[in-house]
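Following: one structure in structure tokens, then a few remarks.
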Amino acid sequence: GARIIALIKQAGVREIVAVPDIVTSDGLLWPISRDPELRLTRVCKEDEGVSICAALSYSNTRALLLMQQTGLMDSLNAIRAIAMDYHQPVCMMVGLQGKAPDETVLASASYGVRIIPPILDVMALKHIGIDSDADTQHIAPAIDTAYETGDALCFLVGQSPVIAGGHS
């Protein structure tokens, strides 16, 4: 979790918009809420977060939306309209609730997890899996690219990030 937060900051993100998610809460959301370098805005619905992140980009403010895959599914129309049709750099970090650590996303026993990459592919929405520490190296460069190109981006977090002390 601490490494992910450091890489988010390295990419110049200071605004975090979030709907609590069981996968990322312990390792990301709660540490972010205590970090004086980050401002956390809690929203009730994920599509509100999509709008807020897009609006912040107009003032050259980088933001990241934290949510669960169920919220991603709920906000697909907002993502389509705001991020894709209007070409806005909405960056999302999505916890994949139900994905077991020893399975790939596409081989997940959870239908709600398995369908996420194909849906994002159909939308031409770039997505990057974050399943291990090695995967985190892609976070800062991908956010930089999203803001340089105006492309939306989705990180798929397959397991709970570890917080300081080795616990999730």
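All values below were derived from every heavy atom in this structure, side-chain atoms included, with hydrogens, water molecules and symmetry-related copies excluded.
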Subject >> Shortest non-hydrogen contact from Y147 toward A63 >> reply: OH-N, 2.9 Å
**OP:** Kindly indicate whether the side chain of L106, heavy atoms from C-beta on, has any atom under 4.5 Å from the side chain of P118.
**Re:** yes
Original post:
Does D35 use its side chain to pair, donor to acceptor, with the backbone of P31 at less than 3.5 Å?
Top reply: no
**OP:** Please tell me if the side chains of I32 and I5 come closer than 4.5 Å, counting only heavy atoms from C-beta onward.
**Re:** yes
Original post:
Between V19 and F155, is there a shared hydrophobic cluster once you connect ILVMFWY residues whose side-chain heavy atoms come closer than 4.5 Å?
Top reply: no
Original post:
Between atom CG of D102 and atom OG of S108, what is the distance when rounded to the nearest 0.5 Å?
Top reply: 10.0 Å
Original post:
Minimum heavy-atom separation for V90 to V50, with atom names?
Top reply: CG2-O, 3.9 Å
Subject >> Sidechain-backbone polar pair: R62 side chain, A11 backbone, donor-acceptor under 3.5 Å >> reply: yes
Subject >> Contact check, side chains of L125 and R80, non-hydrogen atoms, under 4.5 Å >> reply: no
**OP:** Using the rule that two of Ile, Leu, Val, Met, Phe, Trp, Tyr join whenever any of their side-chain heavy atoms come within less than 4.5 Å, decide whether M93 and M73 are in one cluster.
**Re:** no
Original post:
Would L153 and I143 satisfy side chain to side chain contact (heavy atoms under 4.5 Å, CB included), going step by step from the backbone distance to the final call?
Top reply: CA-CA 7 Å; L153 169 65; I143 293 171; 4.1 Å; yes
**OP:** Identify the heavy atoms of A140 and L7 that sit nearest to each other, and give their distance.
**Re:** CB-O, 3.6 Å
Subject >> Main-chain N/O of A54 paired to S57 side chain as donor or acceptor, under 3.5 Å >> reply: yes
Original post:
Can any side-chain N or O of S75 pair as donor or acceptor with the backbone N or O of A78 at less than 3.5 Å?
Top reply: no
Subject >> Shared hydrophobic cluster for M123 and I128 (ILVMFWY, side-chain gaps under 4.5 Å) >> reply: no
**OP:** Check the side chains of S59 and T61 for a donor-acceptor pair under 3.5 angstrom, ignoring hydrogens and angles.
**Re:** yes
Subject >> Rounded distance [0.5 Å steps], CG in L38 versus CG in L28 >> reply: 10.5 Å
Original post:
Going by the side-chain hydrogen bond (donor to acceptor under 3.5 Å, both in side chains) test, which pairs reach into residues 115-130, not counting sequence neighbours?
Top reply: D121-H127
Subject >> Pairs involving residues 39-56, ordered by first then second residue, that meet side-chain hydrogen bond (donor to acceptor under 3.5 Å, both in side chains) (sequence neighbours left out) >> reply: E15-R39
**OP:** For the pair Q69 (side chain) and Q97 (backbone), establish whether a donor and an acceptor sit closer than 3.5 Å, ignoring hydrogens and angles.
**Re:** yes
**OP:** Drop me the distance from I79's CD1 to D74's CG, to the nearest 0.5 angstrom.
**Re:** 10.0 Å
Subject >> Gap between atom CE of M67 and atom CG of L29 - 0.5 Å precision >> reply: 13.5 Å
Subject >> Enclosure of I119 CD1 (heavy-atom neighbours >12, cutoff 6.0 Å) >> reply: yes
Original post:
Are I4 and L72 connected, step by step, through hydrophobic side chains (Ile, Leu, Val, Met, Phe, Trp, Tyr) whose heavy atoms are closer than 4.5 Å?
Top reply: no
Original post:
So I139 and I8, side chain to side chain contact (heavy atoms under 4.5 Å, CB included) or not? Walk me through it.
Top reply: CA-CA 7 Å; I139 293 172; I8 290 168; 4.3 Å; yes
Original post:
Taking all non-hydrogen atoms of both residues, which atom of D135 and which atom of G129 are closest, and how far apart?
Top reply: CB-O, 3.5 Å
Subject >> Flag side-chain contact, heavy atom, 4.5 Å: L66 against I16 >> reply: yes
Original post:
Would you call P117 and L156 a side-chain contact if the rule is heavy atoms closer than 4.5 Å?
Top reply: yes
Original post:
Distance-only, no hydrogens or angles: does the Q159 side chain make a donor-acceptor pair with backbone N or O of D131 under 3.5 Å?
Top reply: yes
Subject >> ILVMFWY cluster, I116 and V122 together (side-chain gap under 4.5 Å) >> reply: no
Original post:
What heavy-atom pair brings A81 and Y86 nearest, and what distance separates the two atoms?
Top reply: O-CD1, 2.8 Å
**OP:** Specify the closest pair of heavy atoms between T136 and D133, including all atoms of both residues, with the distance to one decimal.
**Re:** OG1-O, 2.6 Å
Original post:
Could you give the distance from CD1 (I130) to NE2 (H138), rounded to the nearest 0.5 Å?
Top reply: 7.0 Å
Subject >> Residue among I82, L64, L65 satisfying side-chain contact (heavy atoms from CB on, under 4.5 Å) with C53 >> reply: L65
Subject >> Inter-residue atom distance D85.CG - H87.NE2, 0.5 Å rounding >> reply: 11.5 Å
